[in-house]
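Below, each value reflects all heavy atoms present in this structure, side chains not excepted, and no hydrogens, waters or symmetry copies. Fair warning: this is a prediction, and the values are worked out from it, not measured in the lab.
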Amino acid sequence: MAEKKEFKAESKRLLDLMINSIYTHKEIFLRELISNASDAIDKYYYYALQNHEEVKDLEIRIDLNEEERTLTISDNGIGMSEEDLEENLGTIAKSGSLAFKEEMAKKDEDKDEIDIIGQFGVGFYAAFMVADQVKVITKKAGSEDAFEWESDGANGYTIEPAIREGHGTTIELKLKADDDTETYSQYLESYTITDLVRKYSDFIRYPIKMNVSVEKMIEETKDSDTPEFETVQEEKTLNSMVPLWKRPKSEVKDEELSRFYKEQFHDYTDPLKTIFFNVEGNVSFTALLFIPSHVPAGFYSQEYEAGLQLYSRGVRIMEHCEELLPPFLRFVKGIVDSQDLSLNISREMLQHDHQLRLIKNRIEKKVLNELGSMLAKDREQYEKFWKNFGVDLKFGVYNNFGQDKDKLENLLLFYSSKDKKLVTLSEYVDHMPEDQKDIYYVTGASLDTADRLPIVKKIMARGMQVLLLDSQIDEFVMQTLQQYREHPLKNAVQGDLDLDSEEEKQELEKTNESNKDLLGFIKDSLHGEVAEVRLSNRLIDDPVMLVAGDGLSFEMEKVYAAMAAQNQMDGMPPMKATRILEINPKSDIFHTLQTLYKTDESKAKEISEVLYDQALLIEGFAIKDPIEYSRRICSLISSQE
């Protein structure tokens, strides 16, 4: 019996830490062992070239034995000598792959020829997360001797001579018994192993083979009315090996890209846009990105996981790497593959954030350029995109105090009052009359409501457009942008629009002065609800409207009210915009007020209150007393009979 040897690391506690703390999920063990096998084959390939040996049938095999509870992974790679076993498996965190890579670097060998995965020497020990006994049988290429390494991961290991046909390594895992927290038996099921290989190791460059059970018709019964079937074992290659994104872009067909997207991201429709590019530089990478043609299920729920799939040398490192995308591009799906990433020892995270930032910046720039190109060259396609994900670009404008607004402002679309079609800010400005200084917008509960606001007709009568907004988020966007191409963005129901000529201004000033007492009476009748009542030229057919003073807009007042209702602003007094009631001096109702003010102040007060409630309703505010409002309307109608 071979002599038991202790691990050369500091203690069993260190090994226990590595087995139980480094990796997030136990299923990672398979990825690590397959990656090590791939490295071993890479090393053998290099060895064979140096020694003029014929290279053929390089592969990784997985065998499952449910009765013995063993999972076996075999490769015909470089193999290990007794000294290698001592050095690499007897010393925790000793990496033969890293040593090989460093040796080749000293020789200035071609980087592509030595693109190996393992660098930390801990991946092998992931096996002990699922196994209570691990056996390694290996023979080094060029040697006649084979050796067996065996350990339970706790009480040291043994090394003794063994028998093995051909160079390479076989790792046999005796799986742990199932317990209340983990079902280790799942790793003896072929469909589980198939799923894990496809999830983590689908693009390992060598075939990963396994015998799987399939139902086949018994030949002798194929012509009978009731053909019989039998379960047989059939060898199957589990991985696709060559990543689609590793092929020359010119050789990849659109149908292949669409099929890859639908299979990889579980979508039933083709992507709206595919973005496929390579970057060479401080951090080289390949990106294959997709913009979905519809909003993914649960996209705006807390459970939705954004981010790109991150690969390093064909091995999936992260399923959802959020750091590769800014929040306003969270709808983008795809993969990023880089051989330059500095991974930590678990290969699940990166050591240097600046590498991710470099990749993220290039991806962000590329996607925004592609969206700009789509907007310019395929407007119909872009408007489909905008309908699905425009709100995310709007979010990007005001998020982080507007630091990204310059990147996004030319991609924004808004409905125009001119023809009820979507326009860019650039298109709006290009069609402005020469004397127009501001970009006007209004917000309503819907586009139709916004379009019917009294001020819209006034601005349109001046030959100008109004941007029609129907979302509270739009107000944040406009306040963050503030201006576009040196034209201020102006809420048309706030402050003075300065649309009148000097002659019109003087005439209006005289009319306000001559009706000063009546306007004061109306203000007093409203018991402090408004800061001012004035006559206005911004109304054409409508008798009345409510205008916000400088500062807080009505839309922001509604936003804060909604936040207070959700208990997000406990203890804070309600924030309200300054309310100014504007009356059309040419309307019949104003002439009626002029008469009643002299003959029946009680009736004039009642009409003033009704006008104010109507102005509130137009702006989308609730009125204080709907019952009293209804009674006043009925009273006024009956008084006309």
Side-chain angles (χ1 to χ4, degrees), residues 272-273 275 289 291 295 306 325-332 357 360-434 436-444 447 450 459 464-495 497 553 555-556 559:
L272 184 72
K273 179 74 175 177
I275 305 170
L289 311 176
I291 297 176
V295 178
L325 289 172
F328 57 81
L329 294 181
R330 61 193 293 268
F331 51 82
V332 176
R357 286 197 298 272
K360 173 186 173 183
N361 291 340
R362 294 300 295 268
I363 289 175
E364 177 187 300
K365 184 176 180 181
K366 181 67 174 179
V367 172
L368 293 180
N369 285 342
E370 290 291 330
L371 289 175
S373 178
M374 188 195 304
L375 174 60
K377 299 176 182 178
D378 193 342
R379 183 60 169 257
E380 183 179 355
Q381 193 83 329
Y382 186 81
E383 290 190 9
K384 288 180 182 177
F385 157 78
W386 181 259
K387 181 180 179 181
N388 292 329
F389 304 112
V391 66
D392 292 277
L393 298 192
K394 291 179 182 179
F395 168 77
V397 169
Y398 71 81
N399 190 40
N400 292 328
F401 305 100
Q403 68 178 23
D404 295 313
K405 65 180 182 180
D406 293 341
K407 304 174 186 175
L408 300 172
E409 61 182 8
N410 287 311
L411 295 174
L412 302 175
L413 293 181
F414 303 97
Y415 279 96
S416 166
S417 61
K418 183 179 181 182
D419 48 20
K420 311 305 182 289
K421 291 183 179 179
L422 289 166
V423 299
T424 64
L425 291 174
S426 178
E427 290 165 344
Y428 180 100
V429 170
D430 289 343
H431 290 87
M432 285 170 54
E434 289 186 9
Q436 182 179 348
K437 295 178 292 185
D438 298 332
I439 299 173
Y440 298 112
Y441 68 90
V442 294
T443 304
L447 291 176
I459 296 174
M464 305 173 186
Q465 300 180 63
V466 183
L467 298 178
L468 307 176
L469 315 181
D470 62 353
S471 172
Q472 291 180 343
I473 190 177
D474 292 328
E475 183 70 17
F476 287 100
V477 171
M478 294 305 190
Q479 292 198 10
T480 302
L481 288 175
Q482 294 187 339
Q483 64 176 13
Y484 178 78
R485 281 165 46 179
E486 299 182 355
H487 293 282
L489 289 153
K490 180 71 174 176
N491 189 330
V493 294
Q494 185 173 16
L497 300 189
S553 68
E555 286 69 36
M556 290 307 298
V559 170

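Atom-to-atom distance recorded for Q465:CD and Q436:CD is 8.0 Å, nearest 0.5 angstrom. With rounding to the nearest 0.5 Å, the separation of CG in D474 from OH in Y441 is 9.5 Å. From D392, atom CG reaches atom CG of L329 across 8.5 Å, with rounding to the nearest 0.5 Å. For the atom pair CD1 of I291 and CG of L272, the computed distance is 6.5 Å after rounding to the nearest 0.5 Å. Atom-to-atom distance recorded for L375:CG and L412:CG is 10.0 Å, nearest 0.5 angstrom. In this structure, K273 NZ and Q381 CD are separated by 8.0 Å, a value rounded to the nearest 0.5 Å.
The aromatic rings of F385 and Y382 sit tilted, their planes meeting at an angle between 30° and 60°.
Here the closest non-hydrogen pair linking M464 and P433 is CG-CG, 4.1 Å. L408 and L393 get closest at one heavy-atom pair: CD1-O, 3.5 Å. Heavy atoms only, all atoms of each residue included: V466 and Y428 are closest at N-CE1, 4.3 Å. Residues G444 and A450 approach most closely at N-CB, 3.7 Å, considering heavy atoms.
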In sequence, state the C-alpha distance, the side-chain angles, and the governing distance for N410 and Y484, and then conclude on side chain to side chain contact (heavy atoms under 4.5 Å, CB included). CA-CA 9 Å; N410 287 311; Y484 178 78; 2.5 Å; yes

Step by step, work out the side chain to side chain contact (heavy atoms under 4.5 Å, CB included) result for V559 and E475. CA-CA 9 Å; V559 170; E475 183 70 17; 5.9 Å; no

For K387 and E383, run salt bridge (charged side-chain N to carboxylate O under 4.0 Å, His left out): C-alpha distance rounded to whole Å, both residues' side-chain angles, the deciding distance at 0.1 Å, then the answer. CA-CA 6 Å; K387 181 180 179 181; E383 290 190 9; over 6 Å; no

Show your reasoning for whether side chain to side chain contact (heavy atoms under 4.5 Å, CB included) applies to L368 and F328. CA-CA 11 Å; L368 293 180; F328 57 81; 4.2 Å; yes

Walk me through it: do D438 and L497 pass the test side chain to side chain contact (heavy atoms under 4.5 Å, CB included)? CA-CA 9 Å; D438 298 332; L497 300 189; over 6 Å; no

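For the salt bridge (charged side-chain N to carboxylate O under 4.0 Å, His left out) condition, the pairs that include at least one residue of residues 411-423, sequence neighbours left out, are K420-D451.
Considering only heavy atoms from C-beta on, N399 stays 4.5 Å or farther from D404 through its side chain. The shortest side-chain heavy-atom distance between M478 and S553 does not fall under the 4.5 Å cut-off. Side-chain contact between L411 and W386 is absent, with no heavy atoms from C-beta onward closer than 4.5 Å. Counting only heavy atoms from C-beta outward, the side chains of T443 and D470 never approach each other to under 4.5 Å. With contacts defined as side-chain heavy-atom distances shorter than 4.5 Å, the pair L425/L481 qualifies. I275 has its side chain out of reach of I363: every pair of non-hydrogen atoms, C-beta onward, lies at least 4.5 Å apart. The side-chain heavy atoms of I439 and V429, taken from C-beta on, include a pair separated by under 4.5 Å.
Within a 6.0 Å radius of CZ in R330, other residues, nucleotides and ligands contribute more than 12 heavy atoms.
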Let me check something: any side-chain donor-acceptor pairs from residues 485-493 under 3.5 Å, sequence neighbours excluded? List them with distances.
from : atom 1 : to   : atom 2 : distance (Å)
R485 : NH1    : S426 : OG     : 3.0
R485 : NH2    : D430 : OD1    : 2.9
H487 : ND1    : K437 : O      : 3.0
K490 : NZ     : Q494 : O      : 3.3
N491 : OD1    : V493 : N      : 3.1
N491 : ND2    : E555 : OE1    : 3.0

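At distances below 3.5 Å, at least one donor-acceptor pair connects side-chain atoms of N369 with backbone N or O atoms of K365.
Under the side chain to side chain donor-acceptor pair (under 3.5 Å) criterion, T480 pairs with no residue, sequence neighbours left out.
Each of F401, F395, Y398 was evaluated against F476; a single residue qualifies, Y398, per the ring-ring contact (aromatic ring centres under 6.0 Å, His included) test.
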